[in-house]
Amino acid sequence: MFLGDKGKPNKYHAMRLNYDIVIDNEKFTLQKMTRKLGFYTIIPEGKIKDVEMVYDTDKNLLTGAGIMIRKKHTPKRTYFSLVRTVSMANIQNRERKSFLGECEPKDQPSDFPVQIANEINKIFNNLFTINLVDVVKHCTPYIRTEISGNRYKIVSGTGYEVEMSFENLKIKDMRTGRKGKKRIFSLKMQNDPNYEREKERILEVIDKYCKELVPVERNRFEISQVVVRPPIPQQQTKPQNNTQVNNKKTGKKEKKSKKKEFKNQQ
């Protein structure tokens with residue numbers, strides 16, 4: 001199925017926080033963070049040139065259940081992963097990611113339905129009563145997101161590292177053909193309890209001094225969904241002209257006068 005994991009596994013779950021950029025001045029934001037973080041160092045890590053593809057059935061059976069089959073293509077590797085939403089209340093602890101393995105750029109989930117279905121069952125402890133192999137076989141490309149921008153690394157004096165990026169998202173709904181663009185700021189942080197103080201310090205500086213960054217309680221896939229979502233048609237009520245209003249009033253008066261005449265005749 002896969003070519004194997006060439007990455008280095010981490011025993012702590014990583015969380016990703018996304019922000020809307022209200023005032024887009026990347027250089028100014030970096031200067032503020034550098035000044036306020038003090039002994040932390042911000043290191044440029046180069047350009048981003050990634051593509052994410054999320055797969056699902058035509059009725060969105062997986063994403064509707066809080067599961068994403070995702071293929072990510074970077075300049076160095078291409079791999080499949082599963083993302084499970086586990087908590088809607090806490091944005092910092094809402095997702096769990098499971099690495100499936102590296103693959104060829106042309107590979108699709110339908111090429112490996114048994115292996116992917118087994119991994120989904122492992123995550124959910126075999127709670128599904130439907131045939132997941134058949135579901136994976138019918139998965140097709142859903143949301144495609146091209147990601148570009150600049151990546152940085154924040155390094156504390158104690159060795160804690162955080163991945164930070166200013167991202168340009170170019171999104172396409174593969175089913176409807178709708179396209180859209182979005183600019184976001186993103187943090188990727190390891191939930192290592194040994195570095196809780198460093199993590200909170202970084203978040204505190206952004207919250208207190210970087211008012212141009214507004215937290216968004218959505219992951220990248222949900223942000224992309226919103227961008228390419230078809231607009232909701234508004235029902236317009238036709239305004240009544242004066243003639244119609246006058247006719248209604250005249251009709252009511254005629255009905256009342258006829259009732260009076262009928263009573264008088266009786």
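Atoms considered below: every heavy atom in the structure, side chains included; atoms not considered: hydrogens, waters and symmetry mates.
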Asker: Give the intermediate values and the outcome of salt bridge (charged side-chain N to carboxylate O under 4.0 Å, His left out) for residues Glu119 and Arg84.
Answerer: CA-CA 11 Å; Glu119 290 299 322; Arg84 176 192 176 190; over 6 Å; no
Asker: Would a distance-only check, ignoring hydrogens and angles, find a side-chain to backbone donor-acceptor pair under 3.5 Å from Asp56 to Thr63?
Answerer: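 Checked: pair present.
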Asker: Grouping I, L, V, M, F, W and Y whenever their side-chain heavy atoms are under 4.5 Å apart, do Val133 and Val135 come out in a common cluster?
Answerer: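 Result: no, two separate clusters.
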Asker: Under a 3.5 Å distance rule, please check whether Thr74 uses its side chain to pair with a backbone N or O of Lys76 as donor and acceptor.
Answerer: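 Answer holds: yes.
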Asker: Could you give the distance from CZ (Arg70) to CG (Leu82), rounded to the nearest 0.5 Å?
Answerer: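 Between Arg70 CZ and Leu82 CG, I get 10.0 Å after rounding to 0.5 Å.
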Asker: Take atom NZ of Lys170 as the centre, draw a 6.0 Å sphere, and report whether it contains more than 12 heavy atoms from other residues, nucleotides or ligands.
Answerer: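 No, NZ of Lys170 has 12 or fewer neighbouring heavy atoms, counting only those of other groups under 6.0 Å.
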Asker: Looking only at side-chain N and O atoms, does Glu212 offer a donor or acceptor that is under 3.5 Å from a partner on Asn25?
Answerer: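 Checked: Asn25/Glu212 side chains show no N/O donor-acceptor pair below 3.5 Å.
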Asker: Say you draw a straight line from CZ of Arg144 to CE of Met53; how long is it, rounded to the nearest 0.5 Å?
Answerer: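 Going from the CZ atom of Arg144 to the CE atom of Met53 covers 5.5 Å.
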Asker: Does Ile130 share a hydrophobic cluster with Leu62, counting links as ILVMFWY side-chain heavy atoms below 4.5 Å and allowing steps through other members?
Answerer: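 Looking at the clustering, Leu62 is in the same group as Ile130.
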Asker: Would a hydrophobic clustering, with Ile, Leu, Val, Met, Phe, Trp and Tyr connected at side-chain separations under 4.5 Å, put Phe39 with Val162?
Answerer: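 Different clusters.
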Asker: Can you check whether Leu61 reaches His138 side chain to side chain, under 4.5 Å on heavy atoms?
Answerer: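 When only atoms from C-beta onward are counted, His138 and Leu61 do not touch, as no gap falls below 4.5 Å.
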Asker: Please list all pairs passing the ring pair (Phe, Tyr, Trp, His ring centres under 6.0 Å) test where one or both residues lie in residues 46-71, with sequence neighbours left out.
Answerer: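 Those involving residues 46-71 do not exist here.
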Asker: Look only at the side chain of Arg178 and the backbone of Val228, and say whether a donor-acceptor pair between them is shorter than 3.5 Å.
Answerer: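 Yes, the answer is positive, given that a donor and an acceptor are paired below the 3.5 Å cut-off.
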Asker: Identify the heavy atoms of Ala117 and Val136 that sit nearest to each other, and give their distance.
Answerer: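 Result for this residue pair: N-CG2, 4.3 Å.
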Asker: side-chain contact (heavy atoms from CB on, under 4.5 Å) between Arg151 and Asp50: does it pass, once the steps are laid out?
Answerer: CA-CA 12 Å; Arg151 183 179 288 118; Asp50 301 341; 3.4 Å; yes
Asker: Measure up the Tyr160 and Tyr195 rings against each other and bin them: parallel (under 30°), tilted (30 to 60°), perpendicular (over 60°).
Answerer: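 The arrangement is parallel - the two ring planes meet at less than 30°.
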Asker: How far does CD of Glu102 sit from CG of Asp107, to the nearest 0.5 angstrom?
Answerer: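 Between Glu102 CD and Asp107 CG, I get 11.5 Å after rounding to 0.5 Å.
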Asker: Begin with the C-alpha distance, continue with both residues' side-chain angles, and end with the deciding distance and a verdict on side-chain contact (heavy atoms from CB on, under 4.5 Å) for Leu100 and Gln115.
Answerer: CA-CA 9 Å; Leu100 290 175; Gln115 294 93 327; over 6 Å; no
Asker: Looking only at non-hydrogen atoms, find the nearest pair between Pro105 and Lys71 and report the distance.
Answerer: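 In terms of heavy atoms, the two residues are closest at O-NZ, 2.6 Å.
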Asker: Are Val51 and Met174 joined in one hydrophobic group, where the rule is that I, L, V, M, F, W and Y side chains link up if heavy atoms are under 4.5 Å apart?
Answerer: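 In one cluster with Val51: Met174, no.
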Asker: Is the shortest heavy-atom distance from the side chain of Ile206 to the side chain of Leu187 under 4.5 Å?
Answerer: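 They are in side-chain contact.
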Asker: Go through Asp173 and Ile143 one step at a time and tell me if the side-chain contact (heavy atoms from CB on, under 4.5 Å) criterion holds.
Answerer: CA-CA 5 Å; Asp173 187 323; Ile143 298 290; 4.2 Å; yes
Asker: Run the numbers on Ile21 and Glu26 for side-chain contact (heavy atoms from CB on, under 4.5 Å), then give the verdict.
Answerer: CA-CA 9 Å; Ile21 302 177; Glu26 184 175 326; over 6 Å; no
Asker: Check whether any side-chain heavy atom of Leu30 sits under 4.5 Å from a side-chain heavy atom of Phe166, and report yes or no.
Answerer: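 The answer is yes; the side chains approach within 4.5 Å.
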Asker: Look up atom CD1 in Ile223 and atom CG in Asn219, then write down how far apart they are to the nearest 0.5 Å.
Answerer: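 It comes to 7.0 Å.
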Asker: Looking at Thr145, Asn168, Asp20, which one forms a side-chain hydrogen bond (donor to acceptor under 3.5 Å, both in side chains) with Lys182?
Answerer: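 Checked Thr145, Asn168, Asp20 against Lys182; only one passes side-chain hydrogen bond (donor to acceptor under 3.5 Å, both in side chains): Asp20.
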Asker: Quick one: does any side-chain atom of Asn121 pair with a main-chain N or O of Asn118 as donor and acceptor, under 3.5 Å?
Answerer: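 The answer is no, because no donor-acceptor pair under 3.5 Å joins these two groups.
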Asker: Give the minimum heavy-atom separation between Ser110 and Lys137, together with the two atoms involved.
Answerer: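 For Ser110 versus Lys137, the nearest heavy atoms are CB-O, 3.5 Å.
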Asker: When you measure from the centre of the six-membered ring of Tyr209, is the NZ or CZ of Lys36 under 6.0 Å away and within 45° of the axis?
Answerer: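 That pair qualifies as a cation-pi contact.
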Asker: Which heavy atom of Ala14 sits nearest to which heavy atom of Lys188, and what is that distance?
Answerer: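 Heavy-atom minimum between the residues: CB-CE, 4.1 Å.
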Asker: Might you point out which heavy atoms bring Glu163 and Arg16 nearest each other, and give the distance in Å?
Answerer: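 The pair with the smallest heavy-atom distance is OE2-NH2, 4.1 Å.
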Asker: What distance separates Ile116 CD1 from Cys139 SG, expressed to the nearest 0.5 Å?
Answerer: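 SG of Cys139 is found 7.5 Å from CD1 of Ile116.
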Asker: Please check if atom CZ in Arg197 has more than 12 non-hydrogen atoms from other residues, nucleotides or ligands closer than 6.0 Å.
Answerer: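 Count not over threshold, so no.
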Asker: Quick one: does Met68's side chain get under 4.5 Å of Tyr142's, heavy atoms only?
Answerer: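 Of all side-chain heavy-atom pairs linking Tyr142 with Met68, none is under 4.5 Å.
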Asker: Among Met33, Glu198, Glu161, exactly one meets side chain to side chain contact (heavy atoms under 4.5 Å, CB included) together with Ile154. Which residue is that?
Answerer: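 Among Met33, Glu198, Glu161, the one that satisfies the side chain to side chain contact (heavy atoms under 4.5 Å, CB included) with Ile154 is Met33.
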Asker: Return the CD to NE2 distance between Glu146 and His73, rounded to the nearest 0.5 Å.
Answerer: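 With rounding to 0.5 Å, CD (Glu146) is 10.5 Å from NE2 (His73).
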Asker: Are Ile202 and Leu17 connected in the hydrophobic side-chain network, where two residues link if heavy atoms are under 4.5 Å apart?
Answerer: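 Yes; tracing contacts between hydrophobic side chains, which count when under 4.5 Å, links both residues.
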Asker: For residues Lys199 and Gln190, report the shortest heavy-atom separation together with the two atoms involved.
Answerer: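 What the structure gives for the nearest pair is CD-O, 4.4 Å.
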